[in-house]
Protein chains: 2
Amino acid sequence: MDLSERQLQILQAIITDYVENAEPVGSRSIAKKYDLGVSPATIRNEMSDLEEMGYLTHPHTSAGRVPSDKAYRLYVNNLMKKKNLSAKDKRLINERLQASRDEFDQTIRHAAELLSEITHLTSFALTPATNDETIAFIRLLPVDERTLILMIVGESGNVTNTTLRLKVPYTQETLDLLSKNMTVNYKGRTLDDVLKSHIIEDVGSDIEAMNAALTALKGTVMPSFIRTLEDMLNVNLYMEGMTNIFNLPEYSSIDRARDFMQLFAQKDWFTQKMLQRADGVVVTIGEENAKMKDCTLITATYHVDGKLVGKIGVIGPTRMKYDEVTSLMEYLTNNLSESFRLTEGEDYTERND
Amino acid sequence: MDLSERQLQILQAIITDYVENAEPVGSRSIAKKYDLGVSPATIRNEMSDLEEMGYLTHPHTSAGRVPSDKAYRLYVNNLMKKKNLSAKDKRLINERLQASRDEFDQTIRHAAELLSEITHLTSFALTPATNDETIAFIRLLPVDERTLILMIVGESGNVTNTTLRLKVPYTQETLDLLSKNMTVNYKGRTLDDVLKSHIIEDVGSDIEAMNAALTALKGTVMPSFIRTLEDMLNVNLYMEGMTNIFNLPEYSSIDRARDFMQLFAQKDWFTQKMLQRADGVVVTIGEENAKMKDCTLITATYHVDGKLVGKIGVIGPTRMKYDEVTSLMEYLTNNLSESFRLTEGEDYTERND
DNA sequence: TGTTAGCACTCACCACGTTAGAGTGCTAAT
DNA sequence: ATTAGCACTCTAACGTGGTGAGTGCTAACA
């Protein structure tokens with residue numbers, strides 16, 4: 001059952017007005033503000049039909065209409081037009097991302113900051129998932145006679161390390177041997193792959209002619225190796241502008257505000273949810289989010305070296321400027337991906353922390 | 001002007017009652033609940049005096065009395081008695097901190113979690129300040145012909161690293177030379193010391209007979225070295241139970257809740273403030289905190305290896321159970337320090353991330 | 001002189017009724 | 001098919017009076 005041209009116009013007008021003013025919009029104000037050439041009565045009739053079709057709701061009899069999730073969905077899919085960023089915003093983005101170009105996590109965080117500053121919503125950024133990162137080498141470095149550092153280095157320059165303190169002293173020789181042995185075993189394999197296979201494989205069974213000291217050391221090092229790998233897989237989550245929502249009327253009640261804040265108390269849960277989302281700009285509205293029934297979530301992906309994929313996102317009430325936010329996020333992720341494309345012959349420093 | 005024994009008793013009763021019920025307490029209820037052997041009228045007279053001296057306030061004429069910051073200060077300094085933790089809480093703490101004993105940052109975070117769970121307030125934990133950490137060695141590791149890893153290792157096993165990508169290829173030989181050279185220069189010095197001296201010293205001027213390639217490499221590496229040192233100085237801040245305060249009546253208004261949340265939006269500012277606080281259990285009440293006028297802040301310090309010092313803390317309204325919270329924090333920090341005392345011949349893994 | 005009973009007074013809070021205004025939905029005219 | 005007109009509905013705002021908790025003062029008492 002398709003909507004008539006006029007119904008679309010009215011729906012669009014209602015959405016525009018409601019997004020702007022956060023108050024149920026009545027037939028009269030539509031007729032006055034948007035020049036549709038029909039009277040309030042006609043608009044009332046159309047509104048009634050739109051409500052029947054599920055695009056509008058009614059807080060109570062004598063109130064105006066409010067767009068439903070379905071209406072926003074229609075708007076995002078069909079009605080919305082791309083917006084050009086203001087010159088001011090563009091300048092802001094270029095300056096701010098440029099300035100910190102050489103520090104990875106910082107840049108990601110700045111992107112999230114920009115997002116929340118410009119949209120006045122809550123935003124977040126995830127560092128890239130490293131499931132497909134391949135291991136370049138593994139190194140064991142001596143600190144003192146019973147302390148050593150285990151270091152795993154990925155092809156993209158990712159580094160993770162752990163400090164181990166052993167019961168018994170080790171020798172430099174066994175350390176070097178184990179370093180080489182592990183590197184040979186794991187070089188070129190992805191983190192995911194190594195972790196999965198390790199749950200099955202019998203640790204150490206793959207090495208022949210291994211002397212007792214080496215076997216003992218390996219036995220101690222392997223659990224840490226696995227933990228460190230898991231650590232390397234963890235992505236960082238940066239949240240920005242959490243308090244922005246306090247200025248929005250939909251969170252003027254304490255209960256709503258608390259519910260919102262509690263979403264982010266479980267960082268791990270939230271991170272997992274976000275990682276599961278598809279690539280590109282993804283919009284999920286209200287009920288489409290299992291929890292977070294009355295939020296809209298918009299995520300977008302950026303690329304590092306054209307390979308690893310990270311995410312940035314915005315969370316707010318379903319009433320938001322979809323056109324502006326999605327356009328901004330597109331611009332921002334393009335800009336990020338550009339920054340993280342390694343150009344030939346360039347000095348580049350990447351912070352691992 | 002000292003308070004009489006009876007005035008102290010009344011003050012104590014008011015504080016106890018108000019902390020429990022969060023409502024202005026009247027003369028009648030004091031007389032009934034706490035057996036002071038005097039009539040409400042007498043209590044009223046004493047209350048009037050206490051108010052004149054600034055220990056009590058009056059929301060409006062026909063309401064009961066509320067303790068002022070000054071009253072809480074008196075209570076904390078003189079009246080409060082140490083509380084024994086419940087067996088349940090002790091068990092909880094021992095289990096939870098034991099379980100994660102081998103992962104440093106995790107343990108710290110768990111401590112903060114426990115703190116907010118037991119007190120139902122907002123809590124935080126800071127990893128130890130590393131200003132006095134001494135450098136053990138510096139290592140430059142090759143990844144590919146133009147990529148290398150700069151790694152700084154402290155005596156306590158702290159590790160920080162950075163991935164560098166250079167314009168021009170380097171040779172293994174120069175890398176090793178520079179590694180050794182830097183280690184010789186900085187080994188045994190504290191991070192603070194190295195950073196300070198570097199602002200004055202002319203980078204590279206201390207090396208004689210240095211060939212051109214080495215000088216060039218050093219020129220590229222040094223800025224990253226400094227940044228990495230600064231990075232190593234950064235402490236991590238973990239916040240827990242931020243949404244707990246939504247359940248407290250003092251934050252039932254959106255404005256109060258927002259103000260509270262915004263304190264933690266500036267993590268850096270907050271971290272700095274906390275680092276400046278004295279060691280041991282420190283309580284600051286209401287106006288004593290420049291910002292955060294209507295909060296009480298309690299911090300305590302734990303030790304790592306008996307040397308480095310980290311902090312945990314609790315934030316809430318001035319109305320809180322000072323005796324229980326301070327006792328809990330004392331127990332918790334003792335427990336932490338114990339966990340982080342390196343016992344001889346023990347297997348120990350410390351995560352650096 | 002310190003303590004207490006008694007009492008008038010204050011003030012927040014709640015329940016209630018009233019009013020004003022915005023907006024709908026229906027009907028009849030165009 | 002569109003529109004003017006009008007009755008109807010419901011919320012939000014305002015005012016009113018009653019209630020109860022609590023104070024502060026005064027005068028009596030030990």
Side-chain angles (χ1 to χ4, degrees), chain A residues 2-11 13-15 17-18 20-68 71 249-250 252-253, chain B residues 1-11 13-18 20-68 71 249-250 252-253:
Chain A
D2 265 8
L3 297 182
S4 71
E5 187 57 33
R6 194 169 67 188
Q7 284 175 323
L8 288 176
Q9 279 178 0
I10 291 175
L11 192 57
I14 293 174
I15 291 175
D17 203 81
Y18 185 69
E20 187 70 33
N21 304 312
E23 260 159 38
V25 14
S27 54
R28 225 178 88 86
S29 62
I30 291 283
K32 241 197 293 186
K33 280 195 237 174
Y34 307 84
D35 198 25
L36 303 180
V38 288
S39 78
T42 310
I43 294 178
R44 272 206 291 285
N45 288 330
E46 298 285 28
M47 278 168 135
S48 188
D49 291 348
L50 285 168
E51 179 161 4
E52 214 170 318
M53 288 186 273
Y55 291 106
L56 297 176
T57 55
H58 224 181
H60 58 266
T61 338
S62 70
R65 298 312 210 286
V66 172
S68 66
E250 20 278 274
S252 61
S253 105
Chain B
M1 187 200 333
D2 265 5
L3 297 183
S4 71
E5 186 59 32
R6 193 169 67 188
Q7 284 175 323
L8 288 176
Q9 280 179 0
I10 291 175
L11 192 57
I14 293 175
I15 291 176
T16 308
D17 203 82
Y18 184 70
E20 187 70 33
N21 304 311
E23 259 158 39
V25 15
S27 54
R28 225 177 88 86
S29 63
I30 291 282
K32 243 197 291 185
K33 281 195 234 172
Y34 307 84
D35 197 25
L36 302 180
V38 288
S39 78
T42 309
I43 295 178
R44 272 207 290 285
N45 288 330
E46 299 285 30
M47 278 168 134
S48 188
D49 290 351
L50 285 168
E51 178 160 7
E52 213 169 318
M53 289 185 274
Y55 291 105
L56 297 175
T57 55
H58 225 179
H60 58 265
T61 336
S62 70
R65 298 314 212 284
V66 172
S68 67
E250 21 278 277
S252 61
S253 105

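Each chain gets a letter, A, B and so on, in the order its sequence line appears, and its residues count up from 1.
- Closest to the A:Ala41 side chain, of the nucleotides C:dG25, D:dT3, D:dG24, is D:dT3.
- In plain terms, the two heavy atoms of A:Pro59 and A:Pro24 that are nearest each other are CG-CG, 4.0 Å.
- The separation between B:His60 atom NE2 and D:dT23 atom P is 10 Å, rounded to whole Å.
- Atom CD1 of B:Ile43 and atom OG of B:Ser29 lie 8.5 Å apart (nearest 0.5 Å).
- Atom C1' of nucleotide C:dC11 and atom CD of B:Glu23 are separated by 16 Å, given to the nearest angstrom.
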Output a table of nitrogen or oxygen pairs between the protein and nucleotides 27-30 of chain C separated by less than 3.5 Å.
none

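- If you check residues 24-34 of chain A against DNA chain C, the residues with a heavy atom closer than 4.0 Å are A:Gly26, A:Ser27, listed by number.
- A donor-acceptor contact under 3.5 Å is formed by the side chain of B:Ser62 with the base of C:dT10.
- Of the listed nucleotides (C:dA5, D:dT3, D:dG24), C:dA5 has the atom at the smallest distance from the side chain of B:Ser39.
- Between A:Met47 and B:Val38, the one whose closest nucleotide on DNA chain C sits nearer the 5' end is B:Val38.
- Atom CG of B:Asp17 and atom CD1 of B:Ile15 lie 11.0 Å apart (nearest 0.5 Å).
- Of all heavy-atom pairs between A:Gly54 and A:Ser68, the closest is O-OG, 2.7 Å.
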### Task
Step by step, work out the side-chain contact (heavy atoms from CB on, under 4.5 Å) result for A:Leu56 and A:Leu11.
CA-CA 8 Å; A:Leu56 297 176; A:Leu11 192 57; 3.9 Å; yes
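- Side-chain N/O atoms of B:Thr61 include none lying less than 4.0 angstrom from OP1 or OP2 on C:dT10.
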### Task
Would you check, one step at a time, whether the test side-chain contact (heavy atoms from CB on, under 4.5 Å) holds for A:Leu50 with A:Gln7?
CA-CA 8 Å; A:Leu50 285 168; A:Gln7 284 175 323; 4.2 Å; yes
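- When the P atom of C:dG23 is taken as reference, atom CD of A:Glu46 falls 19 Å away, rounded to whole Å.
- Going from atom CD1 of B:Ile43 over to atom C1' of D:dG24 covers 15 Å, rounded to whole Å.
- In this structure the side chain of A:Glu46 never reaches within 4.5 angstrom of the side chain of A:Val38, judged on heavy atoms.
- Taking atom OH on B:Tyr18 and atom P on D:dG22, their separation rounds to 14 Å, with Å as the unit.
- Rounded to the nearest 0.5 Å, atoms CG (B:Asp2) and CE (B:Met53) are 9.5 Å apart.
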### Message
Applying side-chain contact (heavy atoms from CB on, under 4.5 Å) to A:Leu3 and A:Tyr55, what does each step give before you reach the verdict?
### Response
CA-CA 11 Å; A:Leu3 297 182; A:Tyr55 291 106; 3.9 Å; yes
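- For the helix from C:dT1-D:dA30 to C:dT30-D:dA1, the axis fitted to the five pairs at one end and the axis fitted to the five pairs at the other end meet at an angle of 20° (nearest 10 degrees).
- For B:Arg6, no side-chain nitrogen or oxygen approaches OP1 or OP2 of C:dG2 to under 4.0 Å.
- In this entry the distance linking CG of B:Leu36 with P of C:dT4 reads 11 Å, nearest Å.
- Here the shortest heavy-atom pairing between B:His58 and B:Gly64 reads CD2-O, 3.7 Å.
- Side-chain proximity of A:Arg65 to D:dT23, C:dT3, C:dG25: nearest is C:dG25.
- Closest heavy-atom contact between A:Gly26 and A:Met47: C-CE, 4.1 Å.
- Atom CZ in A:Arg44 sits roughly 16 Å away from atom P in D:dC8 (whole-Å rounding).
- Atom CG of B:Asp49 is separated from atom P of D:dT23 by 14 Å (rounded to the nearest Å).
- The structure places CD of B:Gln9 at 10.0 Å from CG of B:Asp35, a figure rounded to the nearest 0.5 Å.
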